[in-house]
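Everything below concerns the one structure shown next.
Just so you know, ligand 1 is whichever comes first in the structure, and atom 1 is the first atom listed for that ligand. Computed from a predicted structure; not experimentally measured.
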Amino acid sequence: MAKAAKDKTTEAFELDGRNPETIKSQLLLKYPPKVARKRAKQIVVNKVDEDGKVPVIGSNIRTVPGLISQRGCCYAGCKGVVLGPTRDIVNITHGPVGCGFYSWLTRRNQTDPSTTPDGHNFITYCFTTDMQDEEIIFGGEKKLAQAIQEAYDIFHPKAIAVFSTCPVGLIGDDVHAVCREMKEKLGINVFGFSCEGYKGVSQSAGHHIANNGVFTHVVGTDDTVKDGDFKINMLGEYNIGGDAFEIERLFELCGFTLVSTFSGNSTIDAFANSHTADLNLIMCHRSINYVAEMMEKKYGVPWIKINFIGAEATAKSLRKIAAYFEDEALMARVEEVITAELPEIEAAAAAIRQRTEGKKAMLFVGGSRAHHYQELFAELGMKTLSAGYEFAHRDDYEGRRVLPDIKIDADSRNIEELDIVPDPEKFNPRKSEEAIKGLEEKGVDFAGYEGMMPEMDNGALVIDDISHHETEKMIATFKPDIFCAGIKEKYVVQKHGVPLKQLHSYDYGGPYAGFKGALNFYTEIDRMVSSKVWGFLKAPWQQSPELAARYGTDG
Ligand code: CFM
């Protein structure tokens with residue numbers, strides 16, 4: 001990895017000429033003591049020891065009410081993130097119209113219906129029961145059954161899924177009973193999710209609920225074995241801005257057979273026979289590791305962590321998949337693909353680097369991209385001063401090695417853990433224990449994820465669930481050349497004279513995955529950090545000092 005060398009000896013670290021511990025205390029200064037104590041556990045000065053161990057970071061814990069958080073809700077994680085990109089399931093939001101409307105395609109997940117014969121594509125529609133006062137008072141089950149019937153009559157889909165919003169849980173509608181009833185009546189797969197927005201502490205709870213639901217109701221229901229060699233599933237890739245198309249292009253060139261993707265450019269039939277693949281690849285560990293774990297236990301499909309964000313990371317990941325299959329011809333073909341594509345990308349990075357070298361980035365997003373995108377910035381010679389996730393867990397920061405140490409609190413206990421056992425007929429370990437050991441010796445690390453912090457520089461500030469106040473302080477202190485977050489943060493940050501790149505929806509761009517995607521990203525970042533326009537921007541208080549006196553300027 002093209003990261004700056006880590007200084008593992010010094011005790012007091014420096015961050016862009018400042019003491020990161022001092023910065024941390026400044027971020028906490030304005031909070032009441034109890035809030036400051038809580039936030040202090042979620043703001044950590046990175047320190048990687050000899051064995052790659054890092055300090056403990058507080059994460060996956062409740063946001064203090066009153067702090068402006070970037071987080072979303074459980075419903076968003078289930079309906080919007082995991083199930084939203086599947087084109088041929090009619091996804092009905094059971095709830096007020098806003099929940100359905102605001103989770104409708106704003107994430108820019110794309111799909112290609114031309115590859116399935118029925119051409120079904122329902123993601124361009126927004127389905128909702130549009131709950132009114134009457135349903136809140138007398139119950140919404142009847143209206144839900146009607147909505148399912150109506151969707152069936154109009155579209156004749158293979159499957160219908162129902163997503164519960166906050167009021168559904170509060171009034172106690174039994175969506176699962178309605179789904180069972182309608183499944184019997186219509187003869188298609190109808191299933192529901194109890195993913196009420198208030199469940200858990202963030203959208204992370206929704207990921208888990210979605211994983212459980214798809215695994216229970218869909219995975220393993222079709223045993224048809226697809227033609228093709230080297231069968232893989234791509235887990236945790238959602239085809240934002242066309243990322244999956246670029247990854248699929250590379251898979252095809254290399255000769256891998258993609259059985260299913262969870263869930264970018266996906267179909268329900270692909271989920272149904274995903275257990276016939278021989279290897280699971282995890283891109284976004286946070287949102288989908290549950291499916292990988294359950295598939296391994298029930299069907300014997302092992303998983304490896306890969307990353308297609310960054311040109312070097314893409315090459316490394318392709319090699320890792322080929323190594324797993326232990327096939328000489330496959331490995332040779334992968335090398336050919338890399339040799340044909342990588343040099344052009346590296347040359348582009350080298351040319352752009354002359355303008356981007358040494359520039360400073362901050363990334364606060366989601367549960368995986370704040371880590372993965374540091375690769376692309378490193379390829380441009382840019383330094384990540386500070387990064388953090390919105391809703392990831394300790395394992396995404398510190399690596400899966402800390403899994404046994406994670407304390408289960410009341411909020412996480414609230415989310416069901418399915419008890420999975422090997423399937424009496426379909427369990428089939430794809431590799432023997434010796435083969436796994438042999439591969440591990442060759443560097444194929446099974447069921448492993450090192451997390452974000454071991455790959456960051458010592459002294460970098462890692463901030464979980466960053467608040468608006470802390471965001472403004474960080475910007476005022478470091479004046480980064482680029483700040484990466486989402487639409488809620490975009491214009492506030494840009495009003496500070498700092499360009500913001502949306503790493504959720506990619507603004508209007510993408511793909512950023514794979515080789516071609518890396519090139520797109522370099523070009524975009526070059527344009528953003530080299531633009532002179534930000535220097536001309538003056539905030540109102542800079543133009544009229546009397547405003548500064550009236551409102552104060554330090555947020
Ligand atoms: Fe995974 Fe995602 Fe992300 Fe995520 Fe998300 Fe997303 Fe994200 Mo927005 S599944 S954790 S819940 S990579 S929608 S495609 S960009 S916050 S970093």
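- Evaluated by nearest non-hydrogen atom to atom 2 (Fe) of ligand 1, the leading choice among Tyr238, Phe364, Phe391 is Tyr238.
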For a side-chain contact (heavy atoms from CB on, under 4.5 Å) check, start with the C-alpha distance between Tyr506 and Asp243, then their side-chain angles and the critical distance, and finish with the verdict.
CA-CA 11 Å; Tyr506 297 167; Asp243 276 354; 2.4 Å; yes

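- Within the listing of ligand 1, atoms 1 (Fe), 9 (S) sit less than 4.0 angstrom from a heavy atom of Ser287.
- If you number the atoms of ligand 1 from 1 as listed, the ones under 4.0 Å from a heavy atom of His207 come out as 11 (S).
- Ring geometry for Phe377 against Phe521 counts as perpendicular: the plane angle is over 60°, on a 0 to 90° scale with 30° as the lower cut.
- For the ligand labelled ligand 1, residue Met283 lies outside the 4.0 Å heavy-atom shell.
- With respect to atom 14 (S) of ligand 1, the closest heavy atom belonging to the protein is Arg107 NH2, 3.2 Å.
- Less than 4.0 angstrom separates some heavy atom of Cys284 from each of these atoms of ligand 1: 1 (Fe), 9 (S), 10 (S), 12 (S).
- Residue contact annotation: Ser368 has a non-hydrogen atom under 4.0 Å from ligand 1.
- Lys383 and Asp457 are joined by a salt bridge, as a carboxylate oxygen and a charged side-chain nitrogen come within less than 4.0 angstrom of each other.
- For Tyr389, the heavy-atom gap to ligand 1 stays at 4.0 angstrom or more.
- The distance from ligand 1 to the heavy atoms of His504 drops below 4.0 Å at these ligand atoms: 7 (Fe), 8 (Mo), 15 (S), 16 (S).
- Residue contact check: Gly367 has heavy atoms under 4.0 Å from atoms 3 (Fe), 10 (S), 17 (S) of ligand 1.
- Between Arg286 and Asp396 there is a salt bridge, since at least one side-chain N of the basic residue sits less than 4.0 Å from a carboxylate O of the acidic one.
- Set against the non-hydrogen atoms of Val81, the atoms of ligand 1 under 4.0 Å away are 9 (S), 11 (S), 13 (S).
- Ionic pairing of Glu470 and Arg39 is present here: one or more N-O contacts between side-chain nitrogen and carboxylate oxygen are shorter than 4.0 angstrom.
- Atom CD of Gln494 sits in a crowded spot, with more than 12 heavy atoms from other residues, nucleotides or ligands closer than 6.0 Å.
- With sequence neighbours excluded, the residues satisfying side-chain hydrogen bond (donor to acceptor under 3.5 Å, both in side chains) with Thr116 are Arg87.
- By the 30° and 60° cut-offs, the orientation of the rings of Phe122 relative to Phe127 is perpendicular.
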